Undergrad: 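Pasting a structure here, questions to come.
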Amino acid sequence: MMGPEINAYLILAAFLFATGALGVLIRRSPLIVLLSLEIMLNGANLALIAFSRRFGEIDGQIFALAVMAVAASEVVVGLGLIVAMARRHLDLDVDKLTTLRG
Amino acid sequence: MIDKPSVDWFALSPVLALLGASGIALLGAVLMPRRVRGPFAATVVALGFAGALTAAALVYAFTDEATSIVADAVRRDRFAALAQMIVAGCGLLAVGISYGGRRGGRVEAGERSDRRTASGGPLFGQVADVTSEYYALLAAAGAGMAFLVSANNLMTLFLALEWFSIALYILCAIDVDRIASLEAGLKYLIIGSFGSGALLFGSALVYGATGELGFAEIARVQAAQGLADDPLLLAGLAMIITGLAFKASAAPFHMWTPDVYEGAPTPVTAFMSAATKATALLLMLRLLTTAFPEQEDLWTIAVAVIACASLAIGNLAALVQRNVKRMLAYSSISHAGFMLIPIAANNALGGRALLFYLIPYAAMSLGAFAVVAARERELGEPVTLDNLSGFGWERPLLGIAMWVFMLGFAGLPLTGGFWGKFLAFSAAQDRGWTWLVIAGVAATVVSLYYYLAVVRAMYMRSGAELQLSGTASSVAAGGSPPREALLSLSVVAALIVTVGTFFAVDPVTELARDAAASLPF
């Protein structure tokens, strides 16, 4: 069975990546920023898997699996930091993280 | 029997030594009595770094020809071995710098600068003892870096990059009772992951264009199919360079650097500024020369532009800084610029220049942050140019060391920084890019101003002012400042490397030449 052309997958992947990047740049809640980072990585994953299918090779899919594991551990660290900040009663707003500047 | 890839344990031994040390240090956190945990973890991790240094030196000695090992995922060559020696050396010094600040679970006493703790109260009733975890993460980050420099395909590259990055995110935020530390950790995580995301998407595009993940195979397919101008490939290349520039903190991808360097615990900053930058730059050199020789005329220009931007932004912003850690952060951005010059040159001399420059640079950077850490522990507040006054007279050894590091950063003779800059500029000159040399020399002249400002702050103050600032605060803290033998030892080691690379320029250049010879120029 034939699915859509590779371009369709690539456009969706680029769209996901751009959505994520935009989210990181404009959203202010660190939770949403983490979510956006995940969307970026998953855009890349989709591209990897689509290309892997097109070439009929497995290495792109293995790469995507490994990326999922990495993304999960990154989120664990990020959420840990957010919990630590919430316990300090800090505002969960990346625009207000201004202790460091100059 | 099932076919399995042959694993060259000897070539992997530097990484394994560090991973082993990390594991033992973590076990110590639960098995050892509370009082000896800190010293135990520090000793184990220091031994791990020393072991990795020895192992990498042996790999260097016994590797004549570059080979791909472990199913072509990892490259065994002298380039990787020398880079691993640099990383292990950085780690060893970082343990020495950390020790005084983390003894017995006491968190960097000198660094608790924010007073907002009172409102939220301590985080876990009392500050948790994370000393063992601190050293374990340091070793884990070192292992990731040692793995990254030997990466031979895009997957190993991404995994190793995230491996050490995640360890560093936690290390930056490890002083959870300090708001600045938490903030630095979160900022580094967000911006670092953004860079990694760009790198990953770039890798996916390169994979899509060539159908290969291995560096050498990517170059081979390009040459065979004439893909040099493929838009997919070029977009991928651009995103990969962006991702690596984030890690190397080169402008315009440097926004995180000053904040993270200032907020992170000083020994972590020292380790990051030396080792992260070294590995990111070395990997960039390996990737660009091995996988993208066809696009040479494009990426050399791109790297040269990034280098110039880093030189300009790093130096100009450093001029107005009063906080010494922040000033050193901008100085490290400008050094990313200096070390991108030999990458942009893309010739054998450039490879040699980068490898050579990284050795004194790593030593100077660790040493300078070590001196800052010593002052910070003495004062109990962030070090600025103002409260550095009189430091040179109070602590003659650290004062002279700082003097040498600053002159070395500026690239004056009697320090290895001189030969590093000299080689980097010759590499650019060899390529015929005089404009890049001029930009570098101009940046050096500007940088003298803020490097000498540190020396001036340390020495050129009258006796009365000296009484006011330095001595008064150490008296207030209760008697004479703490003398830390290990920190001083690390500073002396950094000093020896910094000055030693000036006098022993020939043997070190030979090391760098043999290492650079494993790359295809």
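Keep in mind it's a predicted model, so treat the numbers as computed, not measured. So you know, we letter chains A, B, ... as the sequences are listed, proteins then strands, and number each from 1.
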Undergrad: If you count heavy-atom pairs under 4.5 Å with chain A, which of B:I191, B:L200, B:N323 comes out on top?
TA: B:L200
Undergrad: Considering only heavy atoms, which portion of A:L34 lies under 4.5 Å from any heavy atom of chain B: side chain, backbone, both, or neither?
TA: side chain
Undergrad: So which heavy atom on B:E376 is nearest to which on B:V383, and how close?
TA: N-CG2, 3.7 Å
Undergrad: Tell me, side chain or backbone of A:A64 under 4.5 Å from chain B's heavy atoms, or both, or neither?
TA: neither
Undergrad: In terms of ring plane angle, is the pair A:F51 and B:Y207 parallel, tilted or perpendicular, where the classes change at 30° and 60°?
TA: perpendicular
Undergrad: Relative to chain A, which of B:A173, B:G192, B:A204 shows the most heavy atom pairs under 4.5 Å?
TA: B:A204
Undergrad: Could you go through the side-chain contact (heavy atoms from CB on, under 4.5 Å) check for B:K187 and B:M255 one step at a time?
TA: CA-CA 10 Å; B:K187 276 184 179 163; B:M255 312 75 78; over 6 Å; no
Undergrad: Where does A:F55 contact chain B at under 4.5 Å (heavy atoms): side chain, backbone, both or neither?
TA: side chain
Undergrad: Return all side-chain donor-acceptor pairs below 3.5 angstrom for residues 153-161 of chain B, not counting sequence neighbours, or 'none' if the list is empty.
TA:
from: B:N153; atom 1: OD1; to: B:M155; atom 2: N; distance (Å): 3.1
from: B:N153; atom 1: OD1; to: B:T156; atom 2: N; distance (Å): 2.8
from: B:N153; atom 1: OD1; to: B:T156; atom 2: OG1; distance (Å): 2.6
from: B:T156; atom 1: OG1; to: B:A73; atom 2: O; distance (Å): 3.1

Undergrad: Look at A:V70, A:I6, A:N45 and state which one has the largest set of heavy-atom pairs under 4.5 Å with chain B.
TA: A:V70
Undergrad: When you compare the side chain of B:Y169 with that of B:S193, does any pair of heavy atoms fall below 4.5 Å?
TA: yes
Undergrad: Heavy-atom pairs under 4.5 Å with chain A are the metric here; pick the option from B:S165, B:G211, B:A317, B:G185 that has the most.
TA: B:G211
Undergrad: Considering only heavy atoms and a distance below 4.5 Å, find which of B:G197, B:S203, B:G208 pairs most often with chain A.
TA: B:G208
Undergrad: Working to the nearest 0.5 angstrom, can you tell me the gap between A:I49 CD1 and A:F63 CZ?
TA: 11.5 Å
Undergrad: Please determine whether the number of non-hydrogen atoms from other residues, nucleotides or ligands lying under 6.0 Å from atom CZ of A:R28 exceeds 12.
TA: no
Undergrad: Answer yes if the side chains of B:E162 and B:S196 hold a donor-acceptor pair under 3.5 Å, and no otherwise.
TA: yes
Undergrad: Go through it in stages, so that I can follow the logic: the residues are B:Q222 and B:T210, the test is side-chain contact (heavy atoms from CB on, under 4.5 Å), and I'd like the CA-CA distance, side-chain angles, deciding distance and then a yes or no.
TA: CA-CA 7 Å; B:Q222 282 178 47; B:T210 60; 4.2 Å; yes
Undergrad: Which bit of A:A13 comes within less than 4.5 Å of chain B, counting heavy atoms only: side chain, backbone, both or neither?
TA: both
Undergrad: For A:S36, is it the side chain, the backbone, both or neither that has a heavy atom under 4.5 Å from a heavy atom of chain B?
TA: neither
Undergrad: Side chain, backbone, both or neither: which part of B:M327 has a heavy atom under 4.5 Å from chain A?
TA: neither
Undergrad: Heavy-atom cut-off 4.5 Å, strictly under: side chain, backbone, both or neither for A:L41 against chain B?
TA: both
Undergrad: Are B:E262 and B:R326 close enough for a salt bridge, meaning some N to O gap below 4.0 Å?
TA: yes
Undergrad: Contact part of B:L232 toward chain A, heavy-atom cut-off under 4.5 Å: side chain, backbone, both or neither?
TA: side chain
Undergrad: Could you look at A:A21 and say if it's the side chain, the backbone, both or neither that has a heavy atom under 4.5 Å from chain B?
TA: both
Undergrad: Taking every heavy-atom pair that is under 4.5 Å apart, which of B:I166, B:L205, B:V320 has the most such pairs with chain A?
TA: B:I166
